[in-house]
Amino acid sequence: HSRQQTHDVEVGAARDGRIVALIDRITVDMGAYLRTHGVTVPELTAAMLPGPYQIPHYRADVSCVLTNKTPTGTYRAPGRFEANFVRERVMDMLADATGIDPAEIRRRNFIAPGAMPCTIGTFALGEPVVYDTGIYTSTLRAAQDAIQYELRRRERDRARAEGRFMGIGIACFVEKAGPGPWETARVELDAEGGVTVYSGGASVGQGIETVLAQICAHELGAAYGDVTVKHGDTATVGAGIGAWGSRVTVVGGSAVFFAAREVRAQVLVRAASRLEAATRDLVVEGGRVWVRGAPGRSVTFGELVIPDRVLQADHRYETTKMTYPYGAHAAVVEVDAGSGQIRILEYAIAYDVGRAVNPRLVEGQMVGGLAQGIGGAILEELAYAEDGQPLSGTLMDYLMPTCAEMPAKVTVKILEETPTPLNPLGVKGAGEGGTAAAGAAIANAVADALRPLGVEITDLPLSPDRVLALITAAQVREAQTTRQAAGGRP
């Protein structure tokens, strides 16, 4: 269980769409008792609700209530999925009220790049929220370009003229990643020229074996194929915090970076003695060291290691500051007003991760995260009967997304415009950006599609029955208004 929040939100803005104040009263269903994560989810909601926008006056009051449900936990992008949905729906409502284009009203409210680092005034995971770097207009523009925003708007208008309900939704967001306080790594070089990385991080399918090997190979000067990564073994790694919060590349990767750098220094000293050259005159690449300008004078890594011994270095990387990747989602949908079914025609994600160690893995995180976000947006719900009995006790009743629910076209644009100064790699986390704004973008697209019917989206998931109920309610209101205007009784 997660994500069950109710928001009573007010926003004040000038007539040009610039936000003056945002007040939110949040009620969170915590289940029967607090488990391991306690109030982490509502804390993150309140902390990240301002998003990428400059909001001079912000207040959030959070009430955590206990019910007879199963205790809640954290679910990919905990707290931010909810905050992004609320804030980005408010942005679209504000755009509607002021007659300003949804993309333009966001641009007018973005925190400027020159304001970085920007202190938000909230706290997350015990740390003050201070955005490190960001050019928020770039990811919004990239997402718009990916779906051909203006062309799609014209298609939407033609569809409306034909009686079809097509809509476009965008959502901008800031993520948090790389929480400390530390992570460990050891790098070993053996007499066969093999390199082993031991990490306190853990693999949960995000590809750390690849990323940590790349970081080590690059910094040490080894061949990537010679590097083996081992993790999750307390017999070889004495301490580690693990994988959560999009932290392994940021914190664990930085530990590997420094450990590899120390082993490289040892290699250079030994090679300088063997080759009778100064360390500054040596080149290290592909597991071999040679004298600059004389590649014939060389030695391999393995030749520098005493048999049955290893060159090794341990590093404990410590940090007190998180990084803040950011991005924008754009969705194009069509809604069947007769059945309430939503079809996602196209989707785009633009995400700035500071620096991408492996762009293909980042893209995989985005697409996989999107699938999970689509589940939260239109399918997944833990429903209960009035007597408190759960109605979605199996995967026949609790619907998860499959390839059939994925858009036919998904575009992912990985930006590297704002490397963070908070770690030596310049990297920010990428684990949750594909999920975080999916509910918001899809909800905005559905609201845009059903705007001619007077439907407003304030709840997730957008299951067919819920969408159909919203359409029916809007039609009843319209009929009542028509009768009143004609002088009849409501």
Side-chain angles (χ1 to χ4, degrees), residues 1-9 22-31 34-53 55 58-65 71-90 111 118-132 134 171-181 204 241-248 250-251 319-327 329 351 365 369 372-373 376-377 380 422 428-440 460:
H1 284 58
S2 194
R3 305 210 197 285
Q4 188 164 354
Q5 300 181 358
T6 301
H7 292 248
D8 179 9
V9 61
L22 179 65
I23 300 172
D24 195 359
R25 290 168 287 275
I26 309 169
T27 304
V28 186
D29 186 336
M30 302 299 295
L34 298 185
R35 59 184 290 272
T36 309
H37 298 294
V39 294
T40 298
V41 174
E43 177 195 33
L44 287 170
T45 296
M48 302 301 292
L49 188 64
Y53 308 115
I55 302 177
Y58 167 63
R59 173 173 176 154
D61 296 315
V62 182
S63 298
C64 297
V65 300
T72 59
T74 50
Y75 189 51
R76 200 172 189 174
R80 284 93 72 199
F81 185 92
E82 302 92 315
N84 294 335
F85 168 67
V86 171
R87 182 191 62 253
E88 294 303 301
R89 285 298 299 125
V90 165
I111 299 169
C118 182
T119 301
I120 303 304
T122 60
F123 287 79
L125 305 180
E127 298 180 13
V129 176
V130 182
Y131 297 164
D132 45 357
C172 301
F173 67 106
V174 178
E175 260 295 327
K176 67 107 194 86
V204 292
I241 294 181
W244 52 273
S246 302
R247 68 183 302 276
V248 174
V250 176
V251 189
T319 181
T320 59
K321 296 180 179 180
M322 290 188 287
T323 65
Y324 291 89
Y326 57 92
H329 287 210
Y351 201 48
Q365 288 278 3
Q372 202 162 351
E380 300 181 41
L422 300 180
K428 303 179 180 184
E432 294 163 294
T435 302
L460 293 179

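As the structure is a computational prediction, the values presented were derived from the model and not from experiment.
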Say you draw a straight line from OG1 of T74 to CZ of R3; how long is it, rounded to the nearest 0.5 Å?
9.5 Å
Counting distance only, does the side-chain N/O of Y131 pair as donor-acceptor with the main-chain N or O of G51 below 3.5 Å?
yes
Any side-chain heavy-atom pair from Y75 and Q372 closer than 4.5 angstrom?
yes
Starting at OG1 of T6, measure out to CD1 of I26 and round the result to the nearest 0.5 Å.
10.5 Å
Can you tell me how far the CD1 atom of I241 sits from the CZ atom of R247, to the nearest 0.5 Å?
4.5 Å
If I take atom CZ from residue R87 and atom OH from residue Y53, how far apart are they, to the nearest 0.5 angstrom?
6.0 Å
Might you confirm whether atom CZ of R59 has over 12 heavy atoms from other residues, nucleotides or ligands at distances under 6.0 Å?
no
Locate the shortest heavy-atom distance separating Y324 from K428; write the atom from each residue and the value.
O-NZ, 3.3 Å
Donor-acceptor contacts under 3.5 Å from residues 118-128 side chains, at least two apart:
unit_1: T122; atom_1: OG1; unit_2: A47; atom_2: O; d: 2.9
unit_1: E127; atom_1: OE1; unit_2: M322; atom_2: N; d: 3.4

For R35, which residues count as a side chain to side chain contact (heavy atoms under 4.5 Å, CB included) partner, sequence neighbours excluded?
H37, P71
For A46 and V62, work out which heavy atoms get closest and say how close.
CB-CG2, 4.0 Å
Do you know which two heavy atoms are closest between P78 and E432, and how far apart they sit?
CD-OE2, 3.4 Å
Evaluate the criterion side-chain contact (heavy atoms from CB on, under 4.5 Å) for residue pair E82 and V41; output intermediate values, then yes/no.
CA-CA 9 Å; E82 302 92 315; V41 174; 3.5 Å; yes
Would you sort out whether Y351 and Q365 count as a side-chain contact (heavy atoms from CB on, under 4.5 Å), showing the intermediate values?
CA-CA 11 Å; Y351 201 48; Q365 288 278 3; over 6 Å; no
Atom of L460, atom of A377 and distance for their closest heavy-atom approach
CD2-O, 3.7 Å
Quick check with a 6.0 Å cut-off and a 45 degree axis cone: is R80 positioned over the face of F173's six-membered ring?
no
Note, L422 side chain near T319 side chain (heavy atom, < 4.5 Å)
no
Rounded distance (nearest 0.5 Å) linking atom CD of E43 with atom CE of M48
11.5 Å
Taking every non-hydrogen atom, the tightest pair across A83 and T45:
CB-O, 3.7 Å
If only atom types and distance count, is the side chain of R76 paired as donor or acceptor with the main-chain N or O of G431 below 3.5 Å?
yes
Using side-chain heavy atoms (C-beta onward) and a distance below 4.5 Å, is C172 in contact with Y326?
no
Drop me the distance from L49's CG to Y58's OH, to the nearest 0.5 angstrom.
4.0 Å
Nearest heavy atoms of K176 and G245, plus distance in Å
NZ-CA, 3.6 Å
Counting distance only, does the side-chain N/O of N84 pair as donor-acceptor with the main-chain N or O of A440 below 3.5 Å?
no
Is H329 reaching over with its side chain to a backbone N or O of G439, donor-acceptor style, under 3.5 angstrom?
no
